[in-house]
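First listed ligand is number 1; within each ligand, the first listed atom is number 1. For clarity, every value in this text was computed on a predicted model and none was experimentally measured. Basis for what follows: all heavy atoms, side chains included, without hydrogens, waters or symmetry-related copies.
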Amino acid sequence: MVSIAEYYAGKNVLITGATGFMGKVLVEKLLRSCPEVKALYLLVRPKAGQSMQQRVSDMMKCKLFDRVREDNPDFHQKIIPISSELIQPGLAISPEDVERLTACINIVFHCAATIRFDEPLKHALQLNVIATQKLLSLAQQMHHLEAFIHISTAYANCNRRHIDEVIYPPPVEPKKLIESLEWMDDGIVRDITPRLIGTRPNTYTYTKALAEYVVQQEQDKLNIGIIRPSIVGASWQEPFPGWIDNFNGPSGVFIAAGKGILRTMRANNDAVADLIPVDVVINLTLAAGWYTAVHRPKNAVVYNCTTGGINPFHWGEIEHHVMSSFKRNPLEQAFRRPNANITSNYLINQYWILVSHKFPALIYDLFLRLSGQKPQMMRIFNRLHKAIGLLEYFSSQDWEWNSENMTMLMNQLTPEDRKTFNFDVRQLNWPEYIENYCIGTKKYVLNEDMSDIPAARQHLRKLRNIRYTFNTLLVVFIWRVFIARSQMARNIWYFVVSLCFKFLSYFRASSTITN
Ligand SMILES: CCCCCCCCCCCCCCCCCCCC(=O)SCCNC(=O)CCNC(=O)[C@H](O)C(C)(C)COP(=O)(O)OP(=O)(O)OC[C@H]1O[C@@H](n2cnc3c(N)ncnc32)[C@H](O)[C@@H]1OP(=O)(O)O
Ligand SMILES: NC(=O)C1=CN([C@@H]2O[C@H](COP(=O)(O)OP(=O)(O)OC[C@H]3O[C@@H](n4cnc5c(N)ncnc54)[C@H](OP(=O)(O)O)[C@@H]3O)[C@@H](O)[C@H]2O)C=CC1
């Protein structure tokens with residue numbers, strides 16, 4: 001049996017979503033661990049005034065590719081960008097490029113998707129479902145295609161508690177939905193979206209479920225693997241620990257908590273936090289590509305790529321480790337000292353939002369106004385509340401995923417491949433992973449320098465002193481107000497003061513006797 005690297009040697013690979021978080025890691029790992037791969041064809045669109053060539057060349061310059069660059073400075077020669085806008089007819093690929101791709105591609109990895117939780121249904125459907133259908137049609141024209149790997153999500157079926165490695169019946173026949181939405185204007189679609197998505201929390205999970213069904217429809221014609229990762233986080237080991245480049249999922253929450261902005265969030269302390277490192281997902285994806293092409297299973301194989309059933313870790317533990325990590329390695333210019341708590345109680349959360357988010361934001365904005373600057377804190381908090389409101393569904397409950405296919409795949413690998421394409425999450429040490437994750441958000445998302453940590457610590461000490469001073473002034477102020485108005489409060493105040501005085505006298509007297 002060929003090893004994974006041997007299998008990819010001489011192969012032409014097509015990747016969608018290569019400029020995204022997971023796509024980049026996939027490209028990097030293929031180039032580094034399968035150096036004999038023939039070429040990687042990346043379907044990329046021009047964006048924000050940049051051509052697709054410019055975007056790909058910028059991507060290859062990023063730190064993630066440092067190790068590949070060291071091993072093979074000419075690695076860029078293996079990368080062939082193909083202009084494509086997935087929501088356009090024919091994926092907007094030129095006829096010459098279609099010919100080129102159909103003649104040479106051996107494996108397709110379909111990563112592109114909109115992962116926004118607030119995406120209008122029509123757009124989510126266009127990209128996550130219709131574009132997938134178009135890509136499947138293109139794949140069927142490929143003369144030498146050996147495997148089609150589709151990246152789904154473990155939450156595609158989050159309306160169920162227990163999720164097996166099967167494709168469940170879709171909530172609606174995708175063809176019918178596509179036909180109906182075609183003639184509806186955006187307002188009507190917005191109005192009926194809650195009825196359509198039913199018990200799913202957003203259009204993202206809904207359209208990813210439809211996409212799985214669309215992919216399954218082609219299982220007689222193509223060799224298909226479907227990867228369902230849970231919440232994808234920073235890298236665990238490769239190419240280096242803690243690599244992350246975005247605010248999605250928990251990363252934005254960690255950063256907001258590290259900056260001292262986020263102080264409270266609704267989450268269940270005891271619920272399993274099904275985080276999975278991005279390098280684990282990519283190693284499994286490459287192994288699944290190899291398995292699908294070599295074994296050609298009759299039906300699409302689904303891989304639930306999760307940690308909860310194998311090496312569970314809980315949101316309460318995450319909170320603890322995130323907070324202690326940011327105290328050891330603080331972020332620069334924190335708004336307040338990092339001190340966030342999660343609670344599953346709605347009212348308690350609302351109370352802390354008022355006291356720890358809105359009140360400080362108002363005071364800070366007042367300070368900005370008085371010093372002639374534009375107020376901004378309330379705006380930041382409104383955006384933060386919108387973002388965490390969309391995440392709470394996932395942090396307040398837990399799911400049970402069967403991951404037998406992940407174990408089956410691991411057992412198929414040679415001992416060498418098990419090391420090179422490691423996806424054995426039993427070995428994952430969570431506290432160490434969370435520490436590297438937090439440092440990764442500092443270094444790679446916020447581009448902060450580790451050498452500035454002493455200054456960041458000094459800043460936290462300053463914030464602590466401001467807090468002590470503020471609290472003391474507040475207590476004195478409140479008591480003064482009460483003492484001025486109530487005889488009972490005055491009595492309590494005198495009682496406490498005389499008690500303190502007696503205690504001090506006793507302490508002084510006893511220390512004189514012992515001397
Ligand atoms: C209390 C602390 C202790 C911690 C313990 C508890 C932690 C609980 C964490 C719970 C996390 C649960 C996560 C569950 C996710 C499961 C989902 C299933 C997995 C998947 O299959 S898909 C991946 C998940 N997808 C996402 O996460 C996307 C969610 N994001 C969105 O939908 C939108 O971004 C959002 C939030 C609606 C915001 O939209 P908008 O206001 O339009 O802003 P933009 O997206 O355009 O961003 C503008 C700008 O802001 C940056 N940004 C985005 N989010 C944040 C953030 N949270 N904090 C700071 N900055 C953020 C973004 O990068 C953009 O910057 P530019 O420079 O590019 O303009
Ligand atoms: N991140 C996570 O936690 C999880 C992700 N997944 C799945 O993994 C896959 C990758 O996710 P992730 O990397 O995080 O997502 P990103 O948002 O980082 O990347 C999305 C990719 O899709 C591309 N894309 C989006 N729209 C188009 C379009 N119209 N035409 C061409 N390309 C387009 C983007 O290109 P561009 O740069 O041009 O925008 C980008 O390369 C998705 O299928 C997602 O559902 C599953 C579970 C969890």
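The stretch residues 245-265 participates, sequence neighbours left out, in these ring-ring contact (aromatic ring centres under 6.0 Å, His included) pairs: F254-Y437. Every pair passing salt bridge (Lys or Arg N to Asp or Glu O under 4.0 Å) that includes a residue from residues 376-397 is listed here, sequence neighbours excluded: D118-K386. Within the structure, ring-ring contact (aromatic ring centres under 6.0 Å, His included) pairs that include any residue of residues 323-349 comprise F335-Y364 (at least two apart or interchain).
The heavy atom nearest to atom 37 (O) of ligand 2, out of those in R116, R55, H110, K47, is found in R55. Nearest to atom 35 (O) of ligand 2 by heavy-atom distance, out of T19, N248, L275, I87, is T19. The residue from G20, A112, A92, P229 that puts a heavy atom closest to atom 16 (P) of ligand 2 is G20.
Here the protein heavy atom with the shortest distance to atom 3 (O) of ligand 2 is V232 N, 3.1 Å. The protein atom (non-hydrogen) at minimum distance from atom 33 (C) of ligand 2 is R45 NE, 3.9 Å.
Residue contacts with ligand 2, taken as heavy atom pairs separated by less than 4.0 Å, involve S152 solely via the backbone atoms N, CA, C and O. With a 4.0 Å cut-off on non-hydrogen atoms, Y155 does not touch ligand 2 at all.
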Quick check on ligand 1: any N or O pairs to the protein under 3.5 Å? One line per pair.
{"unit_1": "ligand 1", "atom_1": "21 (O)", "unit_2": "T153", "atom_2": "OG1", "d": "3.1"}
{"unit_1": "ligand 1", "atom_1": "21 (O)", "unit_2": "Y204", "atom_2": "OH", "d": "2.6"}
{"unit_1": "ligand 1", "atom_1": "25 (N)", "unit_2": "I115", "atom_2": "O", "d": "3.2"}
{"unit_1": "ligand 1", "atom_1": "27 (O)", "unit_2": "G249", "atom_2": "N", "d": "2.7"}
{"unit_1": "ligand 1", "atom_1": "32 (O)", "unit_2": "F117", "atom_2": "N", "d": "2.8"}
{"unit_1": "ligand 1", "atom_1": "39 (O)", "unit_2": "R116", "atom_2": "NH2", "d": "2.9"}
{"unit_1": "ligand 1", "atom_1": "42 (O)", "unit_2": "R116", "atom_2": "NH2", "d": "2.7"}
{"unit_1": "ligand 1", "atom_1": "45 (O)", "unit_2": "R116", "atom_2": "NH1", "d": "3.0"}
{"unit_1": "ligand 1", "atom_1": "46 (O)", "unit_2": "R116", "atom_2": "NH1", "d": "3.4"}
{"unit_1": "ligand 1", "atom_1": "50 (O)", "unit_2": "R383", "atom_2": "NH2", "d": "2.7"}

**Request:** Please lay out, stage by stage, how W430 and N311 fare under the test side chain to side chain contact (heavy atoms under 4.5 Å, CB included).
**Result:** CA-CA 9 Å; W430 283 106; N311 182 359; 3.3 Å; yes
**Message:** Evaluate T132 against H110 for side chain to side chain donor-acceptor pair (under 3.5 Å), listing each step before the verdict.
**Reply:** CA-CA 8 Å; T132 303; H110 179 34; 3.0 Å; yes
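Some N or O of L86 is nearer than 3.5 Å to an N or O of ligand 2, by distance alone. On a distance-only criterion, G17 and ligand 2 share at least one N/O pair closer than 3.5 Å. Where the criterion is an N or O separation shorter than 3.5 Å, residue side chain and backbone included, T153 fails it with respect to ligand 2. Distances between N or O atoms of S84 and those of ligand 2 include no value under 3.5 Å. Remark: ligand 2 and F21 share an N or O pair separated by less than 3.5 Å (distance only, no angle test). Considering backbone and side-chain N/O of L43, none are found under 3.5 Å from N/O of ligand 2.
With salt bridges taken as basic N to acidic carboxylate O contacts below 4.0 Å, one links K259 and E448. Under the 4.0 Å criterion applied to side-chain N and carboxylate O atoms, R55 and D58 are not assigned as salt-bridge partners.
Ring planes of F394 and Y155: perpendicular class, angle over 60° (limits at 30 and 60°).
At least one side-chain heavy atom of L121 sits under 4.5 Å from a side-chain heavy atom of T207.
Between Y303 and Y291, a ring centre-to-centre spacing not shorter than 6.0 Å is recorded.
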